[in-house]
Amino acid sequence: MAHLLPKVRAVFFDAVGTLLFPNPSAPVVYAEAARRHGLFLSLDEVRNRFIAAYCREEQVDANASWVTSEEREHQRWRCIVTETLTGVSDPDVCFQHLFDHFALSSSWKVAPDAEVLLRSLTDSGVVLGLGSNYDARLWSILEGFPELALLRDRVVISASVGVRKPGAPFFREVIQLAGCEPGEVLFVGDDLANDYDGATSAGLRAVLLDPHNKHADIPERITRLAELID
Ligand SMILES: [Mg+2]
């Protein structure tokens, strides 16, 4: 993907699934929370329930033209957690526990090749930023990761923009923070619809991070972050 870099002046990264990963994984954390509240689910059951609930909430946001807010993010996660963990003895306590858990930097890990990549891009004069469908919890997570300090000056969070990816207003905010032309901004993310399609529809360049080779048909695609500068 290094061929793209001479044309770009700014690189913005998605957060979850691109630079940041739940550690332990989300299914493990959900299954443990469920178990403590009397519900025993296998990791596959958690995964399947989560995906179904997550997709339903994606549709809710699509129907609302991707409008979001801190309140909507809170409600969205409440629906996803409550549906995923249907059958627990105390859904409210369970939700609050999980919502708080994912606000802690100790619940996350950074992609191992992120720090070297960000340093290398900065050294070559590229402006860096973060563009995430998340909420104010992202700030407390970032505090715990000095490896991501180079991104902190330009952070676009959907709940504060008021529109989430793949909505065009989200990417307009990215372009404005990048301070250059749309075609000079490269957006890197792991979600085909939200990151890749959203960014290209808004006139940005995009690269899909596709570690499991699910989208071999996408022309601008990497399986590891480091491939951006290989
Ligand atoms: Mg992602």
Side-chain angles (χ1 to χ4, degrees), residues 13-34 37 39-88 91-92 94-99 101-103 107-108 131-135 137-138 141 156-159 161-171 187-202 206-218 221 223:
F13 293 87
D14 165 55
V16 178
T18 300
L19 291 174
L20 286 167
F21 298 83
N23 183 41
S25 73
V28 168
V29 175
Y30 275 60
E32 171 60 16
H37 294 271
L39 175 68
F40 294 84
L41 296 173
S42 71
L43 296 184
D44 275 344
E45 285 172 315
V46 170
R47 225 173 263 120
N48 292 338
R49 285 170 168 222
F50 179 91
I51 289 168
Y54 186 90
C55 290
R56 243 190 301 278
E57 292 305 309
E58 289 289 287
Q59 195 54 52
V60 170
D61 284 344
N63 294 344
S65 303
W66 308 112
V67 166
T68 191
S69 61
E70 289 291 331
E71 192 185 7
R72 166 59 191 150
E73 286 300 312
H74 194 267
Q75 178 208 37
R76 184 165 83 92
W77 284 111
R78 182 183 285 279
C79 290
I80 292 169
V81 168
T82 306
E83 258 189 74
T84 303
L85 302 186
T86 297
V88 293
D92 287 344
C94 234
F95 164 68
Q96 200 55 53
H97 165 73
L98 287 172
F99 195 82
H101 170 88
F102 288 109
S107 304
W108 298 84
S132 173
N133 274 351
Y134 214 69
D135 50 64
R137 291 176 296 167
L138 191 54
I141 298 166
V156 180
I157 299 177
S158 58
V161 174
V163 177
R164 44 158 289 191
K165 297 178 283 187
F170 179 95
F171 290 100
F187 201 90
V188 181
D190 68 305
D191 189 297
L192 180 60
N194 291 332
D195 298 319
Y196 189 90
D197 291 343
T200 51
S201 298
V207 167
L208 181 70
L209 176 63
D210 185 24
H212 305 298
N213 281 307
K214 288 196 219 157
H215 302 287
D217 53 321
I218 295 297
R221 192 179 67 99
T223 56

Hey, can you tell me if W77 and Y54 have their rings parallel, tilted or perpendicular (30° and 60° cut-offs)?
tilted
So, for D190 and D195, which heavy atoms are closest and what is the spacing to 0.1 Å?
N-OD2, 3.2 Å
Can you find a side-chain donor-acceptor pair between Q96 and D92 that sits under 3.5 Å?
no
T84 to A53 - nearest heavy-atom pair and separation:
OG1-CB, 4.0 Å
With distance as the sole test, does S107 use its side chain to make a donor-acceptor pair with the main-chain N or O of F102 at under 3.5 Å?
no
Compare every heavy atom of D210 with every heavy atom of R221, then report the nearest pair and how far apart it is.
NH1-OD2, 2.9 Å
Separation of L19 CG from I141 CD1 (nearest 0.5 Å)
12.0 Å
Show the nearest heavy-atom pair for residues T200 and A206, with the distance to one decimal.
CG2-CB, 3.7 Å
Does R137 reach the main-chain N or O of F99 with its side chain, forming a donor-acceptor pair under 3.5 Å?
yes
So, does R164 use its side chain to make a donor-acceptor pair with the main chain of E73 at under 3.5 Å?
no
Angle between ring planes, H97 versus H101, binned at 30° and 60°: parallel, tilted or perpendicular?
tilted
To the nearest 0.5 angstrom, please state how far the CD atom of E32 sits from the CG atom of L43.
11.0 Å
What is the distance from atom OH of Y134 to atom CD1 of I157, rounded to the nearest 0.5 Å?
10.0 Å
Judged by atom type as modelled, is there a donor-acceptor pair below 3.5 Å linking the side chain of N133 to the main-chain atoms of S158?
no
Using the test salt bridge (Lys or Arg N to Asp or Glu O under 4.0 Å), find all partners of R72 that sit at least two apart in sequence or belong to another chain.
E57, D61
Starting at CZ of F170, measure out to CH2 of W66 and round the result to the nearest 0.5 Å.
12.5 Å
Considering the options N194, D191, T68, D14, which one meets the side-chain hydrogen bond (donor to acceptor under 3.5 Å, both in side chains) requirement together with K165?
D14
Distance-only, no hydrogens or angles: does the T82 side chain make a donor-acceptor pair with backbone N or O of C79 under 3.5 Å?
no
Rounded to the nearest 0.5 Å, what separates atom CD in Q59 from atom CZ in R56?
11.0 Å
Does the side-chain contact (heavy atoms from CB on, under 4.5 Å) test come out yes or no for E45 and N48, once each step is laid out?
CA-CA 5 Å; E45 285 172 315; N48 292 338; 5.9 Å; no
Checking F95 against L85 for the side-chain contact (heavy atoms from CB on, under 4.5 Å) test, could you report, in this order, the C-alpha distance in whole Å, the side-chain angles of both residues, the deciding distance, and whether it holds?
CA-CA 9 Å; F95 164 68; L85 302 186; over 6 Å; no
Residues F171 and A202: closest non-hydrogen pair is CB-CB, 3.6 Å
How far apart are the closest heavy atoms of C94 and A33, and which atoms are they?
SG-O, 3.8 Å
With rounding to the nearest 0.5 Å, note down the distance linking CZ in R49 to OG1 in T86.
5.5 Å
